[in-house]
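Each chain gets a letter, A, B and so on, in the order its sequence line appears, and its residues count up from 1.
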Number of protein chains: 2
Amino acid sequence: MTRFVIHVGEALGILRTLPDESVDAIITDPPYSSGGAFRSDRMGTPNQKYTQSRVKNLRPEFSGDNRDQRAFAYWCSLWLSECLRIAKPSAPIVCFTDWRQLPTATDAIQVGGWVWRGIAVWDKPIARPALGRFVNSAEYMVWGSNGPMPRRPEIGNLPGTYRVSQKQSDKFHVTGKPTELMRYVSRICREDGVVLDPFMGSGSTGVGALLEGRRFIGIDRSSVYADIARQRLQSITSAGAENVA
Amino acid sequence: MTRFVIHVGEALGILRTLPDESVDAIITDPPYSSGGAFRSDRMGTPNQKYTQSRVKNLRPEFSGDNRDQRAFAYWCSLWLSECLRIAKPSAPIVCFTDWRQLPTATDAIQVGGWVWRGIAVWDKPIARPALGRFVNSAEYMVWGSNGPMPRRPEIGNLPGTYRVSQKQSDKFHVTGKPTELMRYVSRICREDGVVLDPFMGSGSTGVGALLEGRRFIGIDRSSVYADIARQRLQSITSAGAENVA
DNA sequence: CCTTGCGATGAATCCATAT
DNA sequence: GATATGGATTCATCGCAAG
């Protein structure tokens, strides 16, 4: 019995082909589109900025006032609502993001129709130092559910902060996540449930899911990465064949 | 020479009386107006909202914690832009928030004219359990600066995640922060600089600032808390009088 | 002084019931 | 229906006392 399926293609297109209420959890790490030139970093004197933004314009304009940012939010809401359709009622979603895109991610997940339930933190012990500033060493997991989310005592209590370092040897993609972290996160899915990752990359989500006894559906536009992922997942299912049937 | 000043009154009113470009850092923990999706959930007293009802709580109540989302965002932008005027160019700001208000806080800080530079994490080892869910055990420090922020090598490298537990004996307010945490955060301010906290509460920000050799201006609407804070700060300045002149 | 044990606590959340 | 109220839940960690 197959424990995983891999699709190659654009996430939105593939998602549309998947049936309603067919997966038990979404766990994904979309491309952040971060680091673009936005913000008033280079603004001259504080007084300019101050007089300019003094009172009006509550929410709308700044963090979304550049086209990339707005387009990113819109695109997220599209695939997120498609995922909602595919997810079973009460299924959880976990979406990785960096600090810059965190507010956009919490907006998008709610626009997509999910109930936002919190933020979990991946604390990376190794980070580039920045003298005189707080180091932005964390990544964030915005998580929620498809409607109400009954307690699941069998899952136990999941810590809200994971301190795991990045090992080069455990990284198959530029933004690859540690296996240990992905195992942890997979536990939010019910046992033997199906985890969907529309932006699979090298398949770390799938590795974590399979190792925790969950099944996996992965999507990636790149056939190169899809091959890498297939290889990694296959080596798990064949290694542990006696356990996973 | 006095190392601290305390004002009793509404933050917005007092802030308007403070001169331009007169403080070196803003470090504050405003009432989050969080704690529930519904208006009724926000209506209880903070002690009811934030503590379990089994045992009654001895800490004084605080008020100003019941705005709805829009009002909260608007109110934040008002005091944040007033703080910007009072802050020297390149002065840092650090604003505590919980997960629910984090996106609003990053919006508000930017609407107020500040440059948003990141999120630091206070990881609380103690958290309420939630079976089958990630525990929301962290609070967040949204931070930024008044315009460009030159590096300050003398400050060194400040970690972006800080794991400190709250000790009851070190907590004088329902939402009080550990002294160790506030000392650490105070280091974002230049040495001997002035730290301003418009929502002082029991004065933990001031305690941290004084202990790290910074000066302090605190504001609180409650004279009860102002008295508690004055006492705590006085005991520091008199104890370490030989050090702080 | 260190270890063990036990009671207390928490910037909540959920659900059923009442208005 | 929408809003308000009341009670149950849950366990890692802390504080303190006893050994």
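Whole-Å rounding puts the B/D65 CG to C/dA12 C1' distance at 14 Å. In this structure, B/K124 atom NZ and D/dC11 atom P are separated by 19 Å, rounded to whole Å. If you measure from atom CD of B/E139 to atom P of C/dG10, you get 13 Å, rounded to the nearest angstrom. Distance CG (B/L131) to P (D/dA8): 18 Å, rounded to an integer number of Å. As a whole-Å value, the separation of A/W116 CH2 from C/dT13 C1' is 15 Å. For the pair A/M149 CE and C/dC15 P, the interatomic distance rounds to 12 Å; values are reported in whole Å. Between B/D170 atom CG and C/dT9 atom C1' there is a gap of 16 Å when expressed in whole angstrom units. For the pair A/R151 CZ and D/dC11 P, the computed distance is 10 Å after rounding to whole Å.
The base of C/dA11 sits within donor-acceptor range of the side chain of B/D29, with an N or O pair under 3.5 Å.
Listed pair B/R163 / D/dT13 meets the phosphate criterion, a side-chain N or O lying under 4.0 Å from OP1 or OP2. Put simply, B/R128 has no side-chain N or O that comes within less than 4.0 Å of OP1 or OP2 on C/dA8.
No hydrogens or angles considered: a donor-acceptor pair under 3.5 Å links the side chains of B/R232 and B/S204. Under 3.5 Å, the side chains of A/Q69 and A/T104 contain a donor-acceptor pair of N or O atoms.
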Evaluation steps, ring pair (Phe, Tyr, Trp, His ring centres under 6.0 Å), between A/W143 and B/W99: CA-CA 11 Å; A/W143 71 279; B/W99 67 272; 8.0 Å; no
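With sequence neighbours excluded, no residue forms a salt bridge (charged side-chain N to carboxylate O under 4.0 Å, His left out) with B/R187. Listed by chain and number, the residues in a ring-ring contact (aromatic ring centres under 6.0 Å, His included) with B/H7 amount to none (sequence neighbours excluded). Under the rule for a salt bridge (charged side-chain N to carboxylate O under 4.0 Å, His left out), the partners of B/R163 that lie at least two apart in sequence or sit in another chain are B/D123.
The list of salt bridge (Lys or Arg N to Asp or Glu O under 4.0 Å) pairs with a residue in residues 167-181 of chain B, not counting sequence neighbours, reads B/D29-B/K177, B/E139-B/K177.
Base contact: B/P30 has a heavy atom under 4.0 Å from a base atom. Counting non-hydrogen atoms under 4.0 angstrom, B/K177 reaches a base of the nucleic acid. Backbone-only engagement by B/W99 is indicated by non-hydrogen atom pairs under 4.0 Å involving sugar-phosphate atoms exclusively.
Once rounded to the nearest 0.5 Å, the distance linking OG1 of A/T28 with CD1 of A/I93 reads 8.0 Å.
Comparing D/dT10 with C/dG7, their C1' atoms are spaced 15 Å from each other, to the whole Å.
Counting heavy atoms from C-beta outward, A/F216 and A/R214 have side chains that stay 4.5 Å or more apart. Side-chain contact between A/F96 and A/Y32: present, with at least one pair of heavy atoms (C-beta onward) separated by less than 4.5 Å.
DNA chain C is contacted by both B/R133 and B/P31; B/P31 maps to the nucleotide lying nearer its 5′ end (nearest heavy atom per residue).
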All N/O contacts under 3.5 Å from nucleotides 14-16 of chain D to the protein, with atom names and distances to one decimal?
unit_1, atom_1, unit_2, atom_2, d
D/dC14, OP1, B/S165, OG, 3.0

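With a 3.5 Å limit on both pairing distances and Watson-Crick or G-U wobble geometry required, the stems of 3 or more pairs in DNA chain D span C:2-10 with D:11-19, C:12-19 with D:2-9.
Among the nucleotides D/dT10, C/dC14, C/dT13, the one closest to any side-chain atom of B/R100 is C/dT13.
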